[in-house]
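First the proteins, then the strands, lettered A, B, ... as listed; each starts at 1.
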There are 2 protein chains.
Amino acid sequence: MDEVGRTGAAQADDAPARAVRIQDVARLAEVSTATVSRALATPERVSVEARARVLEAIARTGYVPNPAARSLRSQKTYMVLVVLPDLSNTFFSKILRGIEETLFEAGYGMIISDLDGSPEKEAHFAAFTAAGRVDGAILLNGHLFGQSRDGKGSAAKLNIPLVALCEAIPDADIPQIEIDNRAAARRMTQHLAQLGHRSIAYVSGPAQNVLERERFRGYRDGLRASALPFDPDLVVSGDYTLESGVRAGEDLLARAKRPTAVFCTSDEMAIGLVRTLSSAGVRVPEDISVAGFDDIEFAAVAQPALTTIHQPRRELGQTAATVLIDLLQGRTTPKRIRLKTDLITRNSVSSPR
Amino acid sequence: MDEVGRTGAAQADDAPARAVRIQDVARLAEVSTATVSRALATPERVSVEARARVLEAIARTGYVPNPAARSLRSQKTYMVLVVLPDLSNTFFSKILRGIEETLFEAGYGMIISDLDGSPEKEAHFAAFTAAGRVDGAILLNGHLFGQSRDGKGSAAKLNIPLVALCEAIPDADIPQIEIDNRAAARRMTQHLAQLGHRSIAYVSGPAQNVLERERFRGYRDGLRASALPFDPDLVVSGDYTLESGVRAGEDLLARAKRPTAVFCTSDEMAIGLVRTLSSAGVRVPEDISVAGFDDIEFAAVAQPALTTIHQPRRELGQTAATVLIDLLQGRTTPKRIRLKTDLITRNSVSSPR
DNA sequence: ATGAAAGCGCTAACAC
DNA sequence: GTGTTAGCGCTTTCAT
């Protein structure tokens with residue numbers, strides 16, 4: 001088909017133009033179909049002139065290999081599945097972009113599965129994957145197919161390369177791409193302590209969450225490194241949502257003795273908390289400093305702009321895709337990659353009065 | 001394979017378990033492969049008992065049809081391409097979710113292509129599409145493959161159903177799913193006028209943009225309906241980005257005579273503008289009211305919370321997917337669907353002093 | 001209602 | 001270095 005994505009392509013008629021097949025190219029180039037195939041897949045195994053003729057014929061016909069036929073024969077799909085818990089969560093969009101661009105460059109397509117908390121969807125995609133519709137998968141959902149989030153249940157055996165991204169999957173023997181949550185939390189805690197805060201509250205994520213466990217350890221590390229005692233009363237439970245940040249704010253407001261700084265383990269919670277404090281006349285950072293985690297888009301725009309931990313989201317996606325492609329192509333890969341985070345200082349944190 | 005997505009599946013050995021084929025099912029059910037195929041695709045053409053035996057055999061073996069083989073034979077892929085200009089733009093995530101869930105229910109997968117402003121990527125996906133790798137496509141990028149954004153250039157003939165979502169594609173003879181941008185802009189303008197504003201500025205999108213043209217017409221409609229004169233000086237040019245909102249704010253601040261209200265045609269611009277005004281000591285909404293458009297996540301969380309136009313993003317995605325599926329299955333569809341928007345009143349707009 | 005058999009377009013094994 | 005050929009797993013005539 002010569003109408004493929006070119007402007008001004010000469011198209012003889014408007015008939016639905018049966019697709020060009022490898023045979024057509026072979027005939028035009030006066031070689032066999034095998035040579036055409038090889039010219040594309042293993043150019044070095046084809047004579048220079050044959051290759052030139054094939055390429056010429058391809059250019060003239062606009063030939064594009066039929067992926068279904070190729071896939072059926074070679075048992076490869078050149079498709080990667082990206083599994084994520086919630087597509088509408090904006091945290092994932094930059095990560096997806098990193099994944100997509102890397103896969104694209106390597107000639108792979110990306111299929112997205114939004115699990116949406118639905119076991120049926122998960123079963124479907126598990127079957128989809130098992131049926132060989134994709135060559136590999138990137139898991140952003142913190143568990144394997146067939147497993148519950150806490151690692152219970154026997155994971156489906158998929159026989160394809162898998163990579164865990166962001167949320168590590170503890171017992172799975174697959175590469176893990178993540179940030180160093182513990183180190184980042186420690187760093188933020190120390191940052192607050194160095195500014196002079198002695199009473200630093202911690203707003204947690206969900207109790208069983210892998211990220212939460214690491215960040216909490218980092219918080220305690222930071223306190224210890226700053227010679228501050230750990231006070232369980234200063235731990236407020238949250239679940240990363242804005243609403244839980246609002247509740248944490250109300251909790252803090254109800255206290256007689258308030259901390260001078262609050263480390264929220266997500267930006268959304270930090271934003272909810274700041275709102276609640278501000279509405280009650282408590283100024284941020286003058287009265288209480290508030291720090292977040294993630295550096296989502298809005299962190300920089302919030303009032304006050306949020307001091308937070310920046311996650312290299314695009315790079316996380318790129319790295320996961322790169323590792324998966326390495327796996328797909330038989331290369332060895334590291335078992336775990338931790339990307340660096342940055343502490344971004346903005347206006348929601350200052351020294352205590 | 002009985003290990004597919006089930007917990008506690010009994011798996012005899014760890015051998016890479018060659019996939020179950022239709023032959024295996026046929027043998028077990030004691031029917032031909034044709035009957036198995038029919039039992040799945042056209043159950044009414046198979047006797048009740050044969051169907052039962054086939055279903056039983058499928059359940060026992062965990063058979064899942066090989067999509068490449070099916071696709072090669074039937075010339076269908078059960079895949080839909082979603083083309084968007086920028087995956088990392090959070091505006092798209094909820095739309096994608098709506099698309100994905102609807103496609104999923106109908107048995108279609110979704111491939112995302114992030115054009116990223118790259119002509120090569122676009123050419124690639126055009127070829128990809130032309131090569132029959134997808135059955136249809138949803139275009140969120142405002143133009144056809146091979147066309148420039150303003151409709152110039154000959155569009156690639158793809159011979160597959162296409163649907164335009166959000167940004168209408170003027171000359172293309174394909175269904176358009178969008179909001180009524182003009183009516184929404186008119187409504188917001190009238191809302192501001194009704195509160196008593198006589199001097200309402202307008203921060204535009206990019207000049208050639210389809211959305212911008214409609215919204216601008218709505219703005220003028222609203223002025224006219226409120227018996228307010230149109231003043232070109234009150235039109236400030238922007239491009240939907242936060243930065244352009246900041247610039248618009250600086251523009252306004254530099255004026256001797258300021259409007260009492262500003263209608264920004266994107267929330268991002270509104271947020272940037274509010275920041276700039278606030279930093280300069282101009283209070284929103286006490287000194288100047290600011291309205292946005294889109295109702296992105298942060299509109300509700302911004303300080304002050306943004307009065308804006310809510311777009312039903314998930315529903316937009318669902319509708320586009322539904323229309324595409326109708327097309328794919330030979331049903332007729334409306335040429336254009338306009339979904340209702342809502343005016344959300346929050347705190348960034350009030351009556352002028 | 002069911003089965004036999006052709007064949008979708010490609011790649012890989014084998015022969016030369 | 002190149003051609004011939006089998007066959008990936010399925011759906012779909014065409015028979016019966």
(request) For B/Glu49, look at atom CD and say whether over 12 heavy atoms of other residues, nucleotides or ligands are found less than 6.0 Å away. (result) no

Can you check the [X] [atom1] to [N] [atom2] distance for me, whole Å?
X       : N      : atom1 : atom2 : result
A/Glu30 : D/dT2  : CD    : C1'   : 14 Å
A/Arg51 : D/dT2  : CZ    : C1'   : 14 Å
B/Ile22 : D/dG9  : CD1   : P     : 12 Å
A/Arg21 : C/dT11 : CZ    : P     : 14 Å
B/Asp24 : D/dC10 : CG    : P     : 9 Å
A/Lys76 : C/dT11 : NZ    : P     : 11 Å
A/Arg73 : D/dG9  : CZ    : C1'   : 12 Å
B/Gln75 : C/dG7  : CD    : P     : 14 Å

(message) Is B/Thr35 close enough to C/dG3 that one of its side-chain N or O atoms is under 4.0 Å from OP1 or OP2 there?
(response) yes

(message) Please tell me if B/Tyr78 has a side-chain N or O lying less than 4.0 Å from either OP1 or OP2 of D/dC10.
(response) no

(message) Once ring pair (Phe, Tyr, Trp, His ring centres under 6.0 Å) is applied, do any residues pair with B/Phe125, and if so which ones, sequence neighbours excluded?
(response) A/Phe104, B/Phe128

(message) In the structure I gave you, are the side-chain heavy atoms of A/Leu84 and A/Ile112 within less than 4.5 Å of one another anywhere?
(response) yes

(request) Starting from the 5' end of DNA chain D, give me the residue, B/Ala34 or B/Leu72, whose nearest nucleotide shows up first. (result) B/Leu72

(request) With sequence neighbours left out, write down each residue that passes side-chain contact (heavy atoms from CB on, under 4.5 Å) with A/Arg45, or none if nothing qualifies. (result) A/Thr42

(request) Not counting sequence neighbours, which residues clear side-chain contact (heavy atoms from CB on, under 4.5 Å) with B/Ser32? List them please. (result) B/Ala34, B/Thr35

(request) Tell me which residues in residues 38-48 of chain A put a heavy atom below 4.0 Å from DNA chain C, sorted by number, or none. (result) A/Arg38

(request) Between C/dC10, C/dT11, D/dT12, spot the one nearest the side chain of B/Ser74, thanks. (result) D/dT12

(request) Measure the angle between the two terminal helix axes of the helix from C/dA1-D/dT16 to C/dC16-D/dG1, five base pairs each, and quote it to 10°. (result) 30°

(request) Would you indicate what B/Ala68 reaches in the nucleic acid, counting non-hydrogen atoms under 4.0 angstrom: base, sugar-phosphate, or nothing? (result) nothing

(message) Please classify the nucleic acid contact of A/Pro65 as base, sugar-phosphate, or nothing, using heavy-atom distances under 4.0 Å.
(response) sugar-phosphate

(message) Quick check against the 3.5 Å criterion: does A/Thr33 have a side-chain atom that pairs as donor or acceptor with the backbone of A/Ile22?
(response) no

(message) For the backbone of B/Ile169 and the side chain of B/Gln176, can you confirm whether one donor and one acceptor N or O come within less than 3.5 Å of each other?
(response) yes

(request) Sequence neighbours left out, what pairs pass salt bridge (Lys or Arg N to Asp or Glu O under 4.0 Å) with at least one residue falling in residues 98-121 of chain B? (result) A/Arg97-B/Asp114, A/Arg97-B/Asp116, A/Glu100-B/Lys121, A/Lys121-B/Glu100, B/Glu101-B/Arg314

(message) We want to know whether B/Asp135 and B/Thr77 form a side-chain donor-acceptor pair, criterion being a heavy-atom distance below 3.5 angstrom.
(response) yes

(message) Quick check: on DNA chain C, is the nucleotide nearest A/Ser37 upstream (toward 5') of the one nearest B/Ala69, or the reverse? Name the residue that is more 5'.
(response) B/Ala69

(request) Flag this pair as yes if the NZ/CZ of A/Arg70 is under 6.0 angstrom from the six-membered ring centre of A/Tyr78 and inside a 45 degree cone about the axis; otherwise no. (result) yes

